[in-house]
Amino acid sequence: MRVLGIETSCDETAVAIVEAPAGSGPGGSILANVVYSQLTEHRRFGGVVPEIAARAHLERIDGLVTDALTEAGLGLADLDGIAATGGPGLIGGVLVGVMTAKALAFAHDKPFLAINHLEGHALSVRLTAQVDFPYLLLLVSGGHCQLLTVHGPGLFTRLGTTIDDAVGECFDKTAKLLGLGFPGGPAVEAAAKGGDPQRFALPRPMWRKPGCDFSFSGLKTAVRQTIEKLAVEKLPAGDAGAVADLCASFQRTVGDVLADRCANALSLAPSTTLVVAGGVAANVYLRGRLETLAAAYGARLVAPPVKLCTDNGAMIAWAGIERLRLGKTDGLDFRPRPRWPLDPSAAVRV
Ligand code: KG4
Ligand code: ZN
């Protein structure tokens, strides 16, 4: 079974082709995986500009589909389905991906699959690792921070979510305030190397509170105030390590909060497997913290390879395979969704 996956919900234009046996288990092969990152387009604005993103997706998408087919040595006739992110995300970009996938599916008489971007992250671990349902998932990205039990494609129970900012957003903001560039996550992780993680005591919102919800706005504010204070105090010449120390302290604080929330989730919904996915899951320090936590609960931590944590087409193609196997295809009348919760009953409760 071979599915082409298109991802255009934010600032990466990505296309991949994934192959897997027709059964139901984990494990697939990535036959092609091409990503065009729009970093240069957005860098001077310090963040993603939706209109620029949509236009850049439109300019690149056809060429990337051709590149992916060439890389895999396949024609469209060799595919069993065409999948695209159908939401949530920046709607202009989602429209480009969905319309491209629908057109290919219609012209070549293939099933079309509209994939929830979050489901793409949630199931991606099964593309490369032997992980069976159900499992506990910490989904941490630029727009989301949630704990869920994953029962299967389309079957999620949300245990907790952020009441304000997403954790990736907090990394991006910290990097911006420190002038480390965009996207912030990898920049903060690199800057934290060699820094003193205990130097700055930052607030840990929700830490040791019951439940599995998150909050990051207070941490974001505290980072800003710390930077302002350091600027007023005029760093002595010998304090060149302040940026490294602040990044390391920030990262340690995020680690404390994520570990604490996951501990509650493992108590409330015990699981032998804790999965971390989404862009922030690329952070090696945070993976280490979660690994230790999981072990304390007799569970194993599993994460996708670092390059499959940030947005990519392979996770969309894989989710497409999981859904195609179950016959969960979509009509060409599917409407792209700017919002699309994984667990609609939880979204109503909040
Ligand atoms: O999943 P993703 O690529 O896009 C969304 O669906 O949001 O996640 C992007 C987020 C950004 O906020 C980025 O700064 C963060 O993931 N990120 C990281 C790292 N790499 C990417 N955060 C911390 N450490 C990293 N190494
Ligand atoms: Zn994402």
Side-chain angles (χ1 to χ4, degrees), residues 5-14 16 33 35-39 42-43 46-48 50 53 57 84-91 93-94 97 115-125 137-146 161-162 165-178 180-193 195 214 216 219-220 223 247-248 250-255 257-258 275-290 303-316 318-319 338-342:
I6 296 176
E7 160 56 37
T8 54
S9 69
C10 194
D11 59 343
E12 323 273 0
T13 318
N33 190 24
V35 182
Y36 171 72
S37 179
Q38 303 174 1
L39 273 183
H42 301 292
R43 183 168 276 136
V48 179
H57 287 307
T85 297
L90 301 174
I91 197 65
V94 175
I115 306 298
N116 182 321
H117 178 82
L118 302 173
E119 176 160 292
H121 281 301
L123 302 180
S124 63
V125 73
L137 169 73
L138 172 66
L139 177 47
V140 273
S141 71
H144 298 271
C145 186
Q146 305 184 10
T161 187
T162 179
D165 300 330
V167 61
E169 204 179 326
C170 207
F171 268 94
D172 293 335
K173 185 73 183 181
T174 299
K176 197 169 178 177
L177 288 167
L178 288 170
L180 296 175
F182 167 84
V188 169
E189 184 174 16
K193 295 231 161 71
F214 302 84
F216 290 101
L219 175 58
K220 218 165 75 174
V223 168
C247 287
F250 166 77
Q251 219 171 229
R252 194 253 310 152
T253 307
V254 171
V257 172
L258 296 184
V275 171
V276 62
V280 180
N283 188 291
V284 175
Y285 168 80
L286 294 177
R287 283 176 182 239
R289 290 292 304 270
L290 295 169
V306 167
K307 80 172 178 36
L308 293 184
C309 286
T310 47
D311 291 349
N312 62 85
M315 70 183 195
I316 302 304
W318 171 256
R339 290 179 194 285
W340 189 354
L342 281 177

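Each residue takes its place number in the sequence, starting with 1. What you are looking at is a predicted structure, and each value in this text was computed from that prediction instead of being measured. Start at 1 and go down the list; that is how both ligands and their atoms are numbered.
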Asks: Tell me, yes or no, whether the heavy-atom count around K173 atom NZ, taken from other residues, nucleotides or ligands under 6.0 Å, exceeds 12.
Replies: no

Asks: Strictly distance-based, threshold 3.5 Å: is any side-chain N or O of R339 a donor or acceptor partner for the main-chain N or O of P88?
Replies: no

Asks: Pick, from L286, D11, D311, the option with the minimum heavy-atom distance to atom 2 (P) of ligand 1.
Replies: D311

Asks: State, with a plain yes or no, whether a side-chain heavy atom of V35 is found less than 4.5 Å away from one of T310.
Replies: no

Asks: Taking 4.0 angstrom as the limit and counting only heavy atoms of G143, give me the atoms of ligand 1 inside it, by number and element.
Replies: 7 (O)

Asks: If you round to 10 degrees, what value do you get for the angle at the Zn ion (ligand 2) between H121 atom NE2 and D311 atom OD1?
Replies: 100°

Asks: Q251 and T253: side-chain donor and acceptor closer than 3.5 Å?
Replies: no

Asks: What atoms of ligand 1 come within less than 4.0 Å of a heavy atom belonging to G142?
Replies: 5 (C), 7 (O), 8 (O), 9 (C), 10 (C), 12 (O)

Asks: Just by distance, with hydrogens left out, do H121 and D311 show a side-chain donor and acceptor under 3.5 Å apart?
Replies: yes

Asks: Walk me through whether F216 and L219 qualify under side chain to side chain contact (heavy atoms under 4.5 Å, CB included).
Replies: CA-CA 5 Å; F216 290 101; L219 175 58; 4.2 Å; yes

Asks: For ligand 1, which atoms, with element, lie under 4.0 Å from some heavy atom of G168?
Replies: 12 (O)

Asks: Which residue holds the protein heavy atom closest to atom 18 (C) of ligand 1, what is that atom called, and what is the gap in Å?
Replies: G185 CA, 3.4 Å

Asks: For ligand 1, which atoms sit closer than 4.0 Å to a heavy atom of H117?
Replies: 6 (O)

Asks: At the 4.0 Å heavy-atom cut-off, does C10 count as touching ligand 1?
Replies: no

Asks: Got the closest protein heavy atom to atom 17 (N) of ligand 1, with its distance?
Replies: G279 O, 3.5 Å

Asks: Can you sort out which atoms of ligand 1 are near E189, meaning under 4.0 Å from one of its heavy atoms?
Replies: 25 (C), 26 (N)

Asks: Quick one: which ligand 1 atoms are inside 4.0 Å of a heavy atom on T310?
Replies: 3 (O), 21 (C)

Asks: Starting from atom 24 (N) of ligand 1, what is the nearest protein heavy atom, named by residue and atom, and what distance separates them?
Replies: N283 ND2, 3.1 Å

Asks: Mind checking whether the Zn ion (ligand 2) has an N, O or S of H117 under 2.8 Å?
Replies: yes

Asks: Identify the two heavy atoms, one from G313 and one from A16, that lie closest to each other, and give their separation to 0.1 Å.
Replies: C-CB, 3.4 Å

Asks: Checking side chain to side chain contact (heavy atoms under 4.5 Å, CB included) against V167, which of V140, D172, V257 comes through?
Replies: V140

Asks: Could I get the full list of side-chain hydrogen bond (donor to acceptor under 3.5 Å, both in side chains) partners for H42, not counting sequence neighbours?
Replies: Q38

Asks: Would you kindly specify which portion of H121 sits under 4.0 Å from ligand 1, judged on non-hydrogen atoms: side chain, backbone, both or neither?
Replies: side chain

Asks: Relative to ligand 1, is E12 under 4.0 angstrom through side chain, backbone, both or neither, heavy atoms considered?
Replies: neither

Asks: So, 4.0 Å and heavy atoms of H144: is ligand 1 close enough to count as a contact?
Replies: no

Asks: How close do C10 and L90 get, counting heavy atoms only, and between which atoms?
Replies: CA-CD1, 4.3 Å

Asks: Examine distances only and state if a side-chain atom of W318 and a backbone atom of L123 form a donor-acceptor pair shorter than 3.5 Å.
Replies: yes

Asks: If you measure from atom 13 (C) of ligand 1 to every heavy atom of D172, N312, V167, which option wins on shortest distance?
Replies: D172

